[in-house]
Amino acid sequence: MTVSFTLNGRARTYAGDPRSSLLEVLRETYRLTGAKDVCGEGFCGACMVQIDGMPTTACLVPVGTLEGADVRSIEGVGTEEQLNPVQQASIDFDVVQCGMCFPGMVMTLTHFLQDNPQPTREDVKSALTGNICRCTGYERIIDAVMSLSLAPKPLTEAQP
Amino acid sequence: MAQTDVVFHQPETIEAALSVLSASAARPAIAVAGGTWVMRAGLRGEDTDKTFVSLAKIAALRSIERADDGLRIGAMVTHADLASALDDDPAYAGLHRACAISANPAIRRRATIGGNLCSDAFMAPDLVPALMALGATVNLHAPTGERRVSVADFLDGRATRPASEILTHIHLPPPRGATAHARALLRQAGEYPVAVVSVLAHCRTDGTCQTLRIALSAVEPAPRRWDALENALLGRRLDPVAARDAAQAHLKALHPRDGVDAAGWYRARLLPQLVERAFADLTRPTAQRDPQ
């Protein structure tokens with residue numbers, strides 16, 4: 001059996017064991033190592049990718065279920081010249097520390113901002129329930145997300 | 001690949017899935033719903049060389065139907081789907097809470113109600129006690145026919161179920177009364193609860209309790225009704241403090257489990273507070289409920 005799907009916009013046909021996790025296939029077959037192999041249980045979010053636009057922990061998805069699916073990993077959300085807005089805001093706010101959680105954070109937050117363009121800080125925290133950062137950089141991550149909010153910015157000085 | 005070497009099936013009908021599950025084969029076959037439990041078999045030291053029979057393409061397992069005799073929920077409905085379907089229905093407040101806050105957003109989008117019921121080694125489900133409180137039954141489909149059993153009976157026979165049987169849907173009777181769901185976590189961030197209490201209470205016009213179902217999860221190895229506490233509180237008015245005290249008085253009969261996340265005595269010790277919190281929720285409007 002083979003499984004055909006789109007990976008970062010490119011058609012792929014996988015011919016290995018269809019019970020393998022998408023994470024294993026991304027890392028071992030396609031050498032896309034942005035999604036990290038950390039807890040293997042869906043707790044930490046380090047392997048988050050988007051399947052048909054929805055953030056999904058790749059460690060828990062048997063690749064055999066992905067026939068016809070559109071898979072996007074961190075390698076497919078931006079280019080070095082044109083970063084995805086969450087990536088750019090993360091640089092601007094000096095968010096990244098060790099980098100292990102970070103690809104997953106970008107995948108979760110990119111989707112979250114599409115559905116919630118004007119979130120509160122509490123909304124962002126709820127959205128990140130399944131993305132664990134052990135460098136404890138959460139507050140700066142939230143600052144970066146809030147900078148992308150479409151909400152009108154509060155005035156910092158009186159207008160003439 | 002020879003037919004005997006096929007390790008992954010994705011049938012489109014229940015009948016086709018049953019046919020694969022009941023065929024004799026070199027390796028055991030296992031039904032795969034959302035995959036969030038099955039895909040961790042290796043971490044639990046279980047045999048991983050099983051034939052996967054994915055239920056993802058069976059459209060009949062994905063519907064939620066409202067009828068006069070209640071709600072019928074397909075086994076492949078995810079936690080997130082169920083949460084949005086129940087969103088504004090106060091009658092299902094407890095079940096809504098259970099599926100809307102369990103685990104984390106990505107898991108809620110994949111983990112199914114049927115998988116939550118069928119994962120017999122998973123000791124801390126949120127949906128299962130909420131379904132027990134609502135008096136749910138499950139529909140089981142085997143090559144020999146269908147049967148419908150209560151959630152409690154299903155859990156009792158769960159470890160010895162035939163491989164060639166699929167849980168197709170859950171049936172909830174029309175809710176009579178109010179429901180609430182209280183859970184305790186060591187940390188907020190998406191972990192398993194260390195204790196869960198789910199309650200349905202239906203009171204007479206004089207305020208006394210006519211129907212009461214209290215279900216526990218995460219405390220013992222499997223969820224169950226706390227019938228001793230139900231009997232103690234039946235016929236009385238809903239009083240959170242009295243309910244807490246009655247729970248305290250009935251802790252000794254439980255058999256709480258030790259786990260890496262919490263010791264058994266600790267799980268039991270949380271229960272009176274959770275019972276109080278659930279009963280407090282039953283007596284206040286939905287919008288004002290405790291967000292924890």
Side-chain angles (χ1 to χ4, degrees), chain A residues 1-3 14-24 37 39-69 101 104 107-109 111-112 115-116 122-134 136 138, chain B residues 1-3 5-12 27 29-44 47-58 76 78-81 84 100-112 115 122 185 187-192 261 291:
Chain A
M1 141 176 199
T2 60
V3 187
Y14 171 79
D17 190 329
R19 299 170 298 182
S20 302
S21 74
L22 172 61
L23 177 62
E24 195 181 330
D37 184 2
C39 78
E41 300 211 67
F43 285 119
C44 77
C47 68
M48 200 74 75
V49 298
Q50 289 181 2
I51 298 178
D52 296 327
M54 302 304 279
T56 306
T57 50
C59 67
L60 299 179
V61 178
V63 72
T65 59
L66 295 178
E67 180 66 37
C101 72
M107 301 314 284
T108 295
L109 291 170
H111 172 265
F112 170 73
D115 285 356
N116 304 275
E122 286 305 311
D123 293 338
V124 181
K125 289 180 185 176
S126 293
L128 285 177
T129 306
N131 290 84
I132 294 175
C133 166
R134 281 298 173 251
T136 66
Y138 294 110
Chain B
M1 242 180 217
Q3 188 61 35
D5 288 336
V6 175
V7 294
F8 192 95
H9 296 266
Q10 199 151 236
E12 294 184 3
R27 66 174 72 71
I30 183 172
V32 179
T36 57
W37 184 252
V38 171
M39 290 298 282
R40 292 185 282 157
L43 292 175
R44 295 189 295 271
D47 174 21
T48 54
D49 189 22
K50 293 183 175 173
T51 298
F52 282 15
V53 182
S54 167
L55 306 180
K57 296 282 188 215
I58 305 177
M76 287 293 287
T78 65
H79 286 60
D81 288 341
S84 24
I101 63 175
S102 186
N104 61 52
I107 297 298
R108 291 197 291 270
R109 281 193 291 267
R110 288 200 79 83
T112 65
F122 178 42
L185 298 98
R187 288 175 292 207
Q188 283 275 30
E191 302 197 335
Y192 293 145
D261 52 343

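Atom set for the values below is all heavy atoms of this structure, side chains included, hydrogens, waters and symmetry mates excluded. Chain letters run A, B, ... following the sequence lines, proteins first and then strands; every chain starts at 1. On a predicted model such as this, the values are computed, not experimentally measured, just so you know.
Taking all atoms of both residues into account, the shortest heavy-atom contact from B:Ala106 to A:Pro55 is CB-O, 3.8 Å. A:Gly42 and B:Asn104 make their closest contact through O-ND2, 2.9 Å (heavy atoms, listed as atom of the first residue, atom of the second, distance). Closest approach of B:Pro105 and A:Thr129 over heavy atoms only: CD-CB, 3.9 Å. The nearest pair of heavy atoms linking A:Arg19 to B:Asp49 is NH1-OD1, 2.9 Å.
Only the side chain of A:Asp17 comes within less than 4.5 Å of a heavy atom in chain B; its backbone stays farther off. For chain B, no part of A:Cys44 is nearby; none of its heavy atoms comes within less than 4.5 Å. At a 4.5 Å heavy-atom cutoff, the contact between B:Ala103 and chain A is made by backbone atoms alone. Only the backbone of A:Ser126 comes within contact range of chain B, with at least one heavy atom under 4.5 Å from a heavy atom of that chain. Of the two parts of B:Arg187, only the side chain, counted from C-beta on, holds a non-hydrogen atom closer than 4.5 Å to a non-hydrogen atom of chain A. Contact annotation for B:Ser54: only side-chain heavy atoms (C-beta onward) come within less than 4.5 Å of a heavy atom of chain A.
Per-residue heavy-atom pair counts under 4.5 Å with chain A were compared for B:Trp37, B:Phe8, B:Tyr192, B:Phe52, and the maximum is reached by B:Phe8. Note: A:Pro62 leads A:Gly45, A:Gly130, A:Cys59, A:Pro62 in heavy-atom pairs under 4.5 Å with chain B. Looking only at heavy-atom pairs under 4.5 Å with chain B, the residue among A:Ile132, A:Thr57, A:Thr65 that has the most is A:Thr65.
Atom CZ of B:Arg40 and atom OG of A:Ser21 lie 13.0 Å apart (nearest 0.5 Å).
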**Message:** One pair to check against side chain to side chain contact (heavy atoms under 4.5 Å, CB included): A:Val61 and B:Met39. What are the steps and the verdict?
**Reply:** CA-CA 7 Å; A:Val61 178; B:Met39 290 298 282; over 6 Å; no

**Asked** B:Arg110 and A:Thr56: side chain to side chain contact (heavy atoms under 4.5 Å, CB included), yes or no, with the steps?
**Response** CA-CA 8 Å; B:Arg110 288 200 79 83; A:Thr56 306; 3.4 Å; yes

